[in-house]
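Here's the structure, in structure tokens; my notes come after.
The structure displayed is predicted, hence computed values, not measured ones.
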Amino acid sequence: MSDVTAGIAASNGRLCATYLIETRYPLEVAATAMAGEQSSGTFRAVPGETPELLRRFGARVEFIDDVVEVENEALPFSRSPKTLKAGKPLRAKVGLSWNIENTGTVLASVWSTVLGNLFELHHFSAMRLLDVTFPDLFTDAYSGPAFAVEGTRRLTGVEGRPLIGTIIKPSVGLTPEETAALADTLIAAGIDFIKDDELMGDPPHSPFEQRFEAVMAVIDRHADRTGRKVMYAANLSGDVDAMRRRLDMIGRRGGTCAMLVLNSVGLSGVIDVRRHSAVPLHGHRAGWGLFSRSVDIGMSYLAYQKFWRLAGIDHMHVNGLSNKFCEQDASVMASAHACLTPMFGRADRPDMVMPVFSSGQTAVQAADTFGRLGLNDFIYCCGGGIMAHPGGPAAGVRSLHDAFDAAAAGIPARDYAANHPELEVALQAFG
């Protein structure tokens, strides 16, 4: 977000958004079409659309910056203006702002306003939401993250290092008893955090209640032995009534986390769970590629994660370095930094969340992750990096501790591995 629009949001309570656009229309005409479509205007003047109404409720074009000419249109089916001779497409950043009276402090309405029909307007051959800035007024309507970094550390007893986590694999197919047996192995290996896969919800072969009870029995048994309770992010995603029932069970049973698949349950689902939850909410972004895969359409993670933070998520997935997907490392780290950047001007409402690195992570990427983030406030989830370690899961966990210890001490992992065999094996196996 430009300093201009951020200042607008802070000074007069307007909702602001920045977009990348591409169009053959004159930029002012195209930007005005965006503003009209997403506020009080339409493609033809209608009765009641008075100058007074437009001044009060019409979106404003705040700036048009970084204009460049391109050779070809990025996306198909856009149309050129009928009455003007169109040249080559122009790309630019456009800032829009809205009177908060248009949406109130309703996140669903904000989503519709900044992400509505814009992507379908015929004027544009590229349209991407780059950032959104919420006025501080939204802090009165939403509590934001309730646990984030500090609360997660308090519940897990992990201080001074990243949390080492893993995902139940196979993703689907295990019975509740088999899931509990795997959790037993992982906890005995020294894991801090376990989560259900996003594909695992409440299937007939592993009903949520049975699976959660079986895993919690294992967690409690180990907690009695060690004095430390491993955090289990149980995937309670479903319809609202079912999520409330599962959340109640987590509370009764002494669970310490709940997982939500954000794009599946939606903003309203997350908001409802946050209002009823006494545990951290772990946000999985499954389906994120629909918004992010093309640089010419969709939205940036910078914009995306702000909605979920305000809704009350405590942990946000950001992918991982050298991951199994197509996302580049620079994008991964920008996402992680965004999660740890305050959203509002109020000192008491930073609304920061704990980034979660996952996707093909092992001891190999640990030092780079730690170094590029610049601090250890994150969850580092490894599946194969733990379970596929040649020495077994305990050696896999140990290799990760060694890797982060080396990174914190400023010692290259290869050098540190000379006296730490689990790390040495991990670097050889996964490097």
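Across all their heavy atoms, Leu302 and Ala338 have their closest contact at CD1-CB, 4.0 Å. Shown here for Ser39 and Asn102, the closest heavy-atom pair between the two residues is CB-ND2, 4.0 Å. Scanning both residues, Arg91 and Ala126, for their nearest heavy atoms gives NH1-CB, 3.9 Å. Contact detail for Pro135 and Leu15: the closest heavy-atom pair is CG-N, 4.0 Å. Annotation for His205 and Val172: closest pair NE2-C, 4.1 Å, computed over non-hydrogen atoms. Across every non-hydrogen atom of Ala278 and Phe147, the tightest pair is O-CZ, 3.2 Å.
Under the 3.5 Å distance criterion, the side-chain polar atoms of Ser97 are left unmatched by any main-chain donor or acceptor of Arg14. Checking side-chain atoms of Asp197 against main-chain N and O of Ile168 turns up no donor-acceptor pair under 3.5 Å. Judged by distance alone, the side chain of Ser358 and the main-chain N or O of Cys381 form no donor-acceptor pair under 3.5 Å. Of the possible polar contacts, one joining the Glu178 side chain to the Thr175 backbone as a donor-acceptor pair under 3.5 Å is found. Between the side chain of Asn99 and the backbone N or O of Arg56, at least one donor-acceptor pair lies under 3.5 Å. Using a distance-only test at 3.5 Å, with no hydrogens or angles considered, a donor-acceptor pair links the side chain of Arg309 to the main chain of Asp351. Side chain of Trp98 to backbone of Gln38: a donor-acceptor contact under 3.5 angstrom is found. Side-chain N or O atoms of Glu37 include none that pairs as donor or acceptor with a backbone N or O of Gly116 at under 3.5 Å. When atom types are taken as modelled, the side chain of Gln365 and the backbone of Gly320 share no donor-acceptor pair closer than 3.5 angstrom. A donor-acceptor pair under 3.5 Å is absent between the side-chain atoms of Asp196 and the main chain of Ala234, judged by distance alone.
The side-chain heavy atoms of Pro203 and Arg211, taken from C-beta on, include a pair separated by under 4.5 Å. Contact of the Glu22 side chain with the Val70 side chain is registered, since non-hydrogen atoms from C-beta on lie closer than 4.5 Å. Proximity of Val110 to Phe138: side-chain heavy atoms (C-beta onward) are separated by under 4.5 Å at one or more points. Counting heavy atoms from C-beta outward, Leu373 and His337 have side chains that approach closer than 4.5 Å. By the 4.5 Å heavy-atom criterion applied to side chains, Ser78 and Arg24 are not counted as neighbours. The closest side-chain heavy-atom distance from Met259 to Val261 is below 4.5 Å. Residues Cys382 and Thr166 fail the side-chain proximity criterion, which asks for heavy atoms closer than 4.5 Å. Residues Tyr304 and Met316 have side chains in contact (heavy-atom distance under 4.5 Å, counting atoms from C-beta outward).
With sequence neighbours excluded, the residues satisfying ring-ring contact (aromatic ring centres under 6.0 Å, His included) with His122 are Tyr25.
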Please assess Thr105 against Asp140 for the test side chain to side chain contact (heavy atoms under 4.5 Å, CB included), listing each intermediate value before the final yes or no. CA-CA 9 Å; Thr105 55; Asp140 296 326; over 6 Å; no

Go through it in stages, so that I can follow the logic: the residues are Val397 and Glu422, the test is side chain to side chain contact (heavy atoms under 4.5 Å, CB included), and I'd like the CA-CA distance, side-chain angles, deciding distance and then a yes or no. CA-CA 9 Å; Val397 172; Glu422 293 88 356; over 6 Å; no

Could you walk me through whether His276 and Asp248 pass the side chain to side chain contact (heavy atoms under 4.5 Å, CB included) test, one step at a time? CA-CA 9 Å; His276 291 85; Asp248 288 343; 5.9 Å; no

Could you go through Cys326 and Arg293, starting from their C-alpha distance and side-chain angles, then the distance that decides it, and tell me whether this counts as side chain to side chain contact (heavy atoms under 4.5 Å, CB included)? CA-CA 8 Å; Cys326 63; Arg293 185 68 185 268; 3.2 Å; yes

So Phe378 and Phe370, ring pair (Phe, Tyr, Trp, His ring centres under 6.0 Å) or not? Walk me through it. CA-CA 9 Å; Phe378 58 91; Phe370 176 85; 7.2 Å; no

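Here the straight-line distance linking atom CZ of Phe124 with atom CZ of Arg79 works out to 12.5 Å at 0.5 Å rounding. The CG atom of Leu118 lies 11.0 Å from the NE2 atom of His123; values are rounded to the nearest 0.5 Å. Note that CZ of Phe344 and CG of Leu310 are 4.5 Å apart. Values are rounded to the nearest 0.5 Å.
A tilted orientation is assigned to the rings of Trp288 and Phe291, their planes being inclined by 30° to 60°. Under the 30°/60° scheme for interplanar angles, the aromatic rings of Phe430 and His389 are found to stand perpendicular.
The six-membered or imidazole ring of Tyr380 lies away from that of Phe193, with a centre-to-centre distance of 6.0 Å or more. Centroid-to-centroid, the aromatic rings of His282 and His317 come within less than 6.0 Å.
For the pair Arg246 and Phe208, the distance from NZ or CZ to the six-membered ring centre is under 6.0 Å and the angle to the ring normal is within 45 degrees.
Atom CD of Glu209 has more than 12 neighbouring heavy atoms from other residues, nucleotides or ligands inside a 6.0 Å radius.
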